[in-house]
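To start, the structure itself, in structure tokens.
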Amino acid sequence: MTDNKYNPQSVEAKWQSRWETDKLYRSRVDWSKPKHYALTMLPYPSGDLHIGHWYAMTPSDARARYMRMRGYNVLFPMGFDAFGLPAENAAIQRNIHPMKWTYSNIERMRRQMRSMGAMFDWEREVASCDPDYYKWTQWFFKRFYEANLAYRGEAMVNWSPTLQTVLANEQVIDGKDERTGQPVIQKMMTQWFFRYTRYADEMLDFSQLDWPEPIRIMQTNWIGKSEGARVFFHTERGDAIEVYTTRPDTLWGATFMVLSPEHGLVKKITTDAQRAAVEAYVAQAARFTEIERTAEGREKTGVFTGAYAINPVNEERIPIWIADYVMINYGTGAIMAVPAHDERDFAFARKFGLKVRVVIQPEGQSLDGDTMPEAWPHEGVMVNSGPFNGTPATREKGRKNPAINAVIDWLQERGIGREAINYRLRDWLISRQRYWGAPIPMIRKQDGSYEPVPESALPVELPDDVEFLPTGQSPLQLHAGFLNTTDSAGQPATRETDTMDTFMCSSWYWFRYLSPNYTQGPFDPEEAAYWLPVDVYTGGAEHATMHLLYARWFTKAMRDLGMFEETMDIMQAHGRDPQELMLGEPMLKLRNQGQVLGEERKGHLIVATGNRWEGDQKLFANRVEVVEELPEEHEGIAGEIVKRTENIVTVNIGDGELRTVEVLPDAEVIIPGMEGKARVDQLKHHLDIQRMSKSKGNVVNPDDWVAKYGADTVRAYLMFGFDWQKGGPWDSKGIQGVVRWINDVWDMVTGYVPPAEGDAEAERVAERRVHQTIKKVTDSLEQFSFNTAVAALMGLRNELKTATREGRIGAAAWRETVRQMLLLMAPISPHISEELWAQQGHPYSIHQQEWPGYDAAKAAEDTVMLVVQINGKVRDRIEVPADIDEAAAREATLASAAVQKALNGGQPKKLIFIPARGGQEPKMSVVV
RNA sequence: GGGGAAGUGGCGGAAUUGGCAUACGCGCAUGACUUAGGAUCAUGUGGUUCACACCUUGCGGGUUCGAGUCCCGCCUUCCCCA
């Protein structure tokens, strides 16, 4: 046995290379088999694969492998979402071209990914920064532009006046550029948009999707559909101001109006007397981000414009203010303020002493606008509302509310307003003032109008010879060769220098996997007809609203532009219903995994001594000793290290009380087990369970663990140690259980010599256990419960280990038992399963075998324990035949001594029989 | 403030439709083998108790023969939105 010890490194290397040579995971269209398109989110090539990638990908791989063994022809591709800011930052900071940086990272990550032993079909790999890829990203843009789904519009951007560049939201922290600390202002700029709201309604329909409920709720909230009315107000001088309101029933309570500081009318209507104040306020508002401006509970600010509007329902003259809590890009950028029935308007009115008029009187209360302490945004009866006095207003929204319903009709009859639906969702701003993205394929003509680059000229390639400025400004704006071109009429023109949002690249990548080298279009309809749509998509829940909504929008737009026509024809020619494609949904089933967090680690316990103190809080130590246990008496400071920065150590001396120790340069540092004098930086501090990050020093490097235990063990541990959908802290000790399991399997299969003839009863027990395991593993993998799948296999191991000790299973039965066990393990730990499969003399490859069939008869127990409950408490267990019927169970129950004792000679009030089902044992509930 | 998810041993976590709570694993304890053990093997391990027995799924109620699971009210944590 010593000459056949489990050596994961050699086993894994051997099979990975064999699989690659044999193209075992090459997936090809085969209409004779059912297809399964399993997709897992593609990574950003940041440089190193981390444990989170393993956590996301290897369980998904296990399930893809399982589906393959179930007889599906499985497509499980991988690629790289390769455009984006980090590459550009690397270029600026370290003077490496983004392309070089990105491709070397991809190279490295691809190599690391191969060590997972996943069934990725690498011949389908895509990288979104490849011109062969972004040619089609640009092609999509062009098609959307031509279909009027792309347009130029105004948007508020984070503008750095010092850098003269636009920043992404995540680059702005506290109103400053997170990299340079320079101030950032809000500014309107003309940008490219997609008509995202076009599909808002359709994207609210999840009826055909198997997606997690929380994701559906988040998307619904994100889209934020509201019903109400648009109402037309006018200034005294006749300028129209349109407002959107969800509460037209409160129109009579509109005692002032508020415009967003960016509203187009502000300049025009402001009176001379107010001009200075208004201009100052507009400038001030630009300094806050939208999130800050709309934060609830924030002190309201605003300025009167000096102008008045006429409320169209009652001809009342009301003042027009500007305030930053009104956003230009929501609704119309102007609101009618109804302070009595809206909290923000109320806070504003009270602050500036504006009139508050109650128009919805709640039942049993008598609100007074002058004295009410807070707004009443709920139901009641309409008052002070002209013809509508007495109309009940409910809590219902839109037309379902009788008050809103009646007012909308009335407004429409009079031409003052009309019913309207509004979405919180804004159109999708895709312009980025960046180099490392797909250039927007548009040409700006001399007259300022735009035309698309002709299809034959795609892709518009990024020039290589660019210089990256420390300002972060896009080098495309300064690159004459890129910039200057001619339009379709041969006139000099300039190129658009904005590139596309990287979400655009990741909104269609699963189509490119179908045929990464196809040149006639983004995807080959022959491939698409077979593989589409994606059957299972796995990835992090952090993409709930952005990526997944973009992906849905994109697919719907593609459908409506006829991009699936040919694909559907081919589907039909093969007798497949194209209905799934007509849905315009990219992924039918979605599952999210959680996140692996850093491991909790105790800090070193130390006793620090020294002569010099600063107060009694801080010690300058000339001796620090790490101890097993804190001594009861000591000089100096003793406790657990919670933090260390250079030579300053923070120590928890108990109950969270902290002391500081400054370790002097020549101090003696003693760490047991370490030869001689240790260094200060070898002292370990306490680590909480938290997200992994380099700065916290709690990053788990999968390569290290693979080197130590092998990929199969790391895969199995990631599946076993967590609730996959939830995630949790890494546990470097917990992996031991998986190490033992894998080793046990190896030793059992390679080392156990069964007798030629076995004992029929023992063999029956093993067979039963195998079939019970088949059921558990199958069900678990179906439901993405990877932890219970591994647990079931460990349970089988326990049973078989006992059996090998007893030596009662014969050679033939043992071989069959092992065969089935290896098949069940194959998706989870593909290498060791393949190796042992080969050692057992079975034909290559285990991954092309059929999944073991579950036989309920073989899994069934002969006898079971009848659980007897008396008044709900378990009081007895009686061994009975597994197929016991109710009458027999009653008889057995009544014969039980425990029941007899409880009955004390009397009769039970009630006997409730719960038959055995789903692996559970039968129960009898006795009510005394 | 609104929405969502979750709270089960020392720890990670199991538990179809309400039906033996704590599967599987870590850790721990005892023993065996060993020059040694951070290897391996065996046994045990929710709590209180000598035991019988009782208690136990964040807290408090309720429905039910029976509640981790359903209902009502709280508390705590995390995530998203504002």
Side-chain angles (χ1 to χ4, degrees), chain A residues 212-224 290-298 325 327 330 343-344 374 377 424 540-546 592 594-597 599-600 673 689-691 716-741 743-744 747 772-773 775-777 779-780 782-783 785-799 801-802 805 864-878 908-928:
Chain A
E213 178 78 18
I215 300 285
R216 303 199 309 249
I217 291 168
M218 275 191 255
Q219 293 201 349
T220 303
N221 291 343
W222 189 260
I223 291 167
E290 181 175 335
I291 292 163
E292 292 164 339
R293 281 171 57 168
T294 53
E296 219 161 296
R298 176 170 173 259
Y325 75 93
M327 304 304 303
Y330 182 81
E343 280 160 36
R344 290 178 311 172
E374 58 182 3
R424 204 190 69 95
E542 65 273 19
H543 295 106
T545 47
M546 310 274 275
N592 299 117
Q595 208 171 31
V596 182
L597 304 172
E599 183 168 19
E600 182 172 20
I689 293 170
Q690 56 191 329
R691 270 185 197 198
Y717 173 59
L718 288 169
M719 293 183 224
F720 176 69
F722 308 82
D723 169 352
W724 190 63
Q725 323 229 4
K726 194 170 129 208
W730 175 263
D731 179 356
S732 48
K733 280 187 187 149
I735 195 171
Q736 273 309 323
V738 177
V739 172
R740 288 181 192 133
W741 169 55
N743 278 310
D744 282 349
D747 291 346
Q772 290 172 347
T773 307
K775 172 125 179 72
K776 282 186 202 153
V777 174
D779 290 351
S780 296
E782 283 292 336
Q783 295 158 30
S785 305
F786 302 101
N787 51 355
T788 53
V790 179
L793 286 162
M794 285 179 171
L796 178 64
R797 174 270 316 257
N798 293 343
E799 190 102 353
K801 216 169 148 180
T802 309
R805 260 202 306 276
V864 292
M865 286 300 190
L866 175 70
V867 175
V868 178
Q869 298 178 345
I870 299 174
N871 291 339
K873 286 200 194 310
V874 176
R875 282 290 179 261
D876 202 1
R877 297 182 176 84
I878 310 165
K909 277 193 199 134
K910 216 178 187 183
L911 282 176
I912 301 157
F913 180 63
I914 304 103
R917 59 171 182 227
Q920 284 172 355
E921 290 171 338
K923 286 165 201 78
M924 183 66 83
S925 188
V926 183
V927 186
V928 181

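Every chain is numbered from 1 and lettered A, B, ... according to where its sequence line falls, protein lines coming before strand lines. For the numbers below, each heavy atom of this structure counts, side chains included, while hydrogens, waters and symmetry mates do not.
- Heavy-atom minimum distance, A:K733 versus A:E599: N-OE2, 4.4 Å.
- OP1 or OP2 of B:A82 sits under 4.0 Å from a side-chain N or O of A:R424.
- In this structure, CE of A:M546 is placed 18 Å from P of B:C79, rounded to the nearest angstrom.
- Using a 4.0 Å heavy-atom cutoff across all strands shown, A:W222 reaches sugar-phosphate atoms only and no base atom.
- Atom CD in A:E343 sits about 10 Å away from atom P in B:G2, given to the nearest Å.
- For the pair A:N592 and A:P212, the tightest heavy-atom approach, listed with the atom from each and the gap, is OD1-CG, 3.6 Å.
- Among the atoms of the strands shown, none is found under 4.0 Å from any heavy atom of A:D876.
- Counting any heavy atom pair closer than 4.0 Å across all strands shown, A:R877 reaches a base atom.
- We find that CG of A:N592 is positioned 13 Å from C1' of B:C80, with the value rounded to whole Å.
- Separation of atoms CG (A:N798) and CG (A:L793) is listed at 11.0 Å; rounding is to 0.5 Å.
- Taking atom NZ of residue A:K726 and atom C1' of nucleotide B:G7, one finds them 9 Å apart after rounding to whole Å.
- When the P atom is compared between B:G2 and B:C11, the two are found 32 Å apart, to the nearest whole Å.
- Between B:G62 and B:C79, the distance separating the two P atoms is 36 Å to the nearest Å.
- In the set B:G4, B:C24, B:G19, B:C24 carries the atom at the smallest distance from any side-chain atom of A:N798.
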Exercise. Dot-bracket for RNA chain B, 5' to 3', counting Watson-Crick or G-U wobble pairs under 3.5 Å, with [ ] for crossing pairs and | for inter-strand pairs?
Worked result: (((((((..(((......[....)))((((((.......))))))(((....)))..(((((..]....)))))))))))).
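- Minimum atom distance to the side chain of A:P214 is reached by B:A5, of the listed B:G3, B:A5, B:A42.
- Separating the CG atom in A:L718 from the CD1 atom in A:I735 is a distance of 7.5 Å, to the nearest 0.5 Å.
- Across all strands, A:I912 comes closer than 4.0 Å to base atoms (heavy-atom distances).
- For B:A32 and B:G37, the P atoms lie 12 Å apart once the distance is rounded to whole Å.
- The distance from atom CZ of A:R797 to atom CG of A:D747, rounded to the nearest 0.5 Å, is 11.0 Å.
- In this structure, B:G4 is classed as anti because its glycosidic torsion departs from zero by more than 90°.
- For A:R216 and B:G4, the shortest distance from a side-chain N or O to OP1 or OP2 is not below 4.0 Å.
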Problem set entry | Stepwise side chain to side chain contact (heavy atoms under 4.5 Å, CB included) check, A:F722 with A:D731 | CA-CA 10 Å; A:F722 308 82; A:D731 179 356; over 6 Å; no
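- A:F720 has its CZ atom 17 Å from the P atom of B:C11, to the nearest Å.
- Atom CD in A:E213 sits about 7 Å away from atom P in B:A5, given to the nearest Å.
- If you check every strand for non-hydrogen atoms under 4.0 Å, A:G721 touches sugar and phosphate atoms only.
- Rounded to whole Å, the separation between the P atoms of B:A23 and B:U35 comes to 37 Å.
- Of the candidates B:A21, B:G4, B:A15, B:A21 carries the atom nearest the A:V874 side chain, counting heavy atoms from C-beta on.
- Checking A:K923 against A:K733, the closest nucleotide of RNA chain B that is more toward the 5' end is the one next to A:K923.
- Within the 6.0 Å centre-distance limit, the rings of A:Y717 and A:W730 are counted as a close aromatic pair.
- Here A:D779 lies out of heavy-atom contact (under 4.0 Å) with every strand.
- A gap of 25 Å separates the P atoms of B:G58 and B:G25, to the nearest Å.
- As judged by a 4.0 angstrom heavy-atom cut-off over every strand, A:K775 is placed among residues making no nucleic acid contact.
- Taking the P atoms as reference points, B:C41 lies 31 Å from B:A51, given to the whole Å.
- Residue A:R877 holds its CZ atom at 10.0 Å from CD of A:Q869, rounded to the nearest 0.5 Å.
- The gap from the P atom of B:G10 to that of B:A5 amounts to 28 Å, rounded to the nearest Å.
- Of the two residues near RNA chain B, A:A791 and A:I870, the one whose nearest nucleotide lies more 5' is A:A791.
- What separates CG of A:N743 from C1' of B:A39 is a distance of 11 Å, to the nearest Å.
- Using P as the reference atom, B:G60 and B:U76 are 16 Å apart when rounded to the nearest Å.
- Distance A:I914 CD1 to B:U17 P: 16 Å, rounded to the nearest Å.
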Exercise. Under the side chain to side chain contact (heavy atoms under 4.5 Å, CB included) criterion, do A:M719 and A:W724 qualify, and how do the steps go?
Worked result: CA-CA 7 Å; A:M719 293 183 224; A:W724 190 63; over 6 Å; no
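- Picking from B:G27, B:C24, B:C54 the nucleotide with the shortest atom distance to the side chain of A:R875 gives B:C54.
- Between A:R740 and B:C41, a side-chain N or O to OP1/OP2 separation shorter than 4.0 Å is absent.
- Taking both residues in full, the closest heavy atoms of A:F720 and A:V738 are given as CD2-CG2, 3.9 Å, listed atom of the first, atom of the second, then distance.
- One finds no side-chain N or O of A:K910 lying less than 4.0 angstrom from the OP1 or OP2 phosphate oxygen of B:G66.
- Remark: A:N787 is not in phosphate contact with B:G25, judged by side-chain N or O atoms under 4.0 Å from OP1 or OP2.
- In this structure, A:G727 reaches the sugar-phosphate backbone alone: every heavy-atom distance under 4.0 Å involves primed, P, OP1 or OP2 atoms, never a base.
- At B:C24, none of the side-chain N or O atoms of A:R797 fall inside 4.0 Å of OP1 or OP2 (strictly under the cut-off).
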